[in-house]
Amino acid sequence: MKNELIIRRLVFAQDYTQLLADEDYQLVDMNMVEPFNIDDKRHHSSTIIFEKNEQLFSIRSDWTRSLLNYNENYTLDDRFFGYFGPVVRDYKTFYQAGVELYRPSNEEILSSIDMHLSFITERYDETFQSIVVNDDTLLDLYIEKYALDADIRTLVHEKNLSEIKKRLGGTHSLYTLLSAKVSDQIDLVNAEFGDSDIMRFIEELKQLLAKYDMKFILDLSFRSPQSYYNGFYFQAFLNHDYPLLSGGEYNSSAFGIAVNLSNGGLL
């Protein structure tokens, strides 16, 4: 089984990187050892750090941070980058594949999400069961509209409905939203903020992905495990406990998508 897994991973790497090259993504293959950046430790507490010749270095624990650091230090003409390779977390090696888009338009973000979904469904004959989306700015809209205390955000992320009800009351719009079925949240948010830019984007994504016949879920308590994401975020699932695809906005003008090869259910 181990040989089969290695071969499947190598075949995936070939197919995926060829797809990106055909779609005009610039492929990158960076050194796993890189100068240490404090942001890496802040966002990834398991980052391995060592010193050599009085200089701190780290072993790559995340492609997004590595590419972001590289992009901030050099002037790059390309805006779309693709990668496949290992990362090390908690002294274990994992393989990651994905893309990073710098200064993308909404249309380019939608196109990249669609490209990944169609690649998996067509090349591997897999069916996505669900996609979960959120944008932190939606909660900002509720906080601003109803003049809520900032700490309500923590209660939402913790799904602490009892405390939210105690603070806001059982008839408050935000409590009604969070206590409803997750599948109904998108209609309730649309009723209040359907004319906002982010909800227009989410509705456009929903329409685009209708052809995949997957459950589309908007969940305001849904958060990325990576702290650098600060806008729209999504996870797409096969019939599996962990997402195969995940991605979102970060650094105000960038968008990334990663393929989970460890436990996403593909290999």
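Heavy-atom basis, side chains included; hydrogens, waters and symmetry copies ignored. We count residues from 1, following the sequence as given.
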Ion pair check, [X] and [Y], cut-off under 4.0 Å:
X	Y	value
R200	D195	no
D140	K145	no
D151	R167	yes
R8	D15	no

Side chain proximity check, [X] to [Y], heavy atoms < 4.5 angstrom:
X	Y	value
L168	Y146	no
R123	L19	no
T93	V87	no
F222	I217	no
V259	L245	yes
V88	R60	no
F193	I198	no
F232	L205	yes

Geometric cation-pi criterion, K215 with F237: 6.0 Å, 45°: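 Relative to the ring axis of F237, which defines the angle, K215 lies outside at least one limit.
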Within 45 degrees of the ring normal and closer than 6.0 Å to the centroid, is that where the cationic atom of R223 sits relative to Y233?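 Judged by the rule, R223 and Y233 form no cation-pi pair.
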When you check the side-chain N and O atoms of S162 and N160, is any donor under 3.5 Å from an acceptor?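 Indeed, the side chains of S162 and N160 share at least one donor-acceptor pair under 3.5 Å.
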Indicate whether the side chain of N106 and that of E204 have a donor and an acceptor atom separated by less than 3.5 Å.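 Checked: N106/E204 side chains show no N/O donor-acceptor pair below 3.5 Å.
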Approximate separation, where rounding is to 0.5 Å, of [X] [atom1] and [Y] [atom2]:
X	Y	atom1	atom2	value
D136	S224	CG	OG	9.0 Å
L244	I131	CG	CD1	11.5 Å
I7	L267	CD1	CG	12.5 Å
E163	Y175	CD	OH	12.0 Å

Donor-acceptor pair, [X] side chain versus [Y] backbone, under 3.5 Å?
X	Y	answer
N53	Q55	no
S112	E108	no
D135	T137	yes
E126	L238	no
D219	V182	no
R103	S253	no
N260	N263	yes

With under 30° as parallel and over 60° as perpendicular, where do the rings of H240 and Y242 fit, or are they tilted in between?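 Because their plane-to-plane angle lies in the 30° to 60° range, the rings of H240 and Y242 count as tilted.
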Evaluate the ring planes of Y124 and F12, with Trp represented by its six-membered ring, and classify them as parallel (under 30°), tilted (30 to 60°) or perpendicular (over 60°).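 Plane angle between 30° and 60°, so tilted.
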Search all heavy atoms of [X] against all heavy atoms of [Y] and return the closest pair with its distance.
X	Y	answer
I186	L218	CA-CD2, 3.8 Å
S58	P35	OG-O, 4.2 Å
L220	H157	O-CD2, 4.4 Å

Chi angles and distances behind the side chain to side chain donor-acceptor pair (under 3.5 Å) call for Y212, Q129: CA-CA 9 Å; Y212 296 104; Q129 300 299 312; over 6 Å; no
Identify the residue among Y16, F80, Y83 that makes a ring pair (Phe, Tyr, Trp, His ring centres under 6.0 Å) with Y25.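 Of the listed residues Y16, F80, Y83, the ring pair (Phe, Tyr, Trp, His ring centres under 6.0 Å) partner of Y25 is F80.
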CG/D125: more than 12 non-hydrogen atoms of other groups inside 6.0 Å: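 Incorrect, the count does not exceed 12.
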Can we call the ring centroids of F81 and Y102 under 6.0 Å apart?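 When the ring centroids of F81 and Y102 are compared, they turn out to be within the sub-6.0 Å range.
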Is it true that L208 and F234 fall in one hydrophobic cluster, defined by side-chain heavy atoms closer than 4.5 Å?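 Yes: a chain of side-chain contacts under 4.5 Å links L208 to F234.
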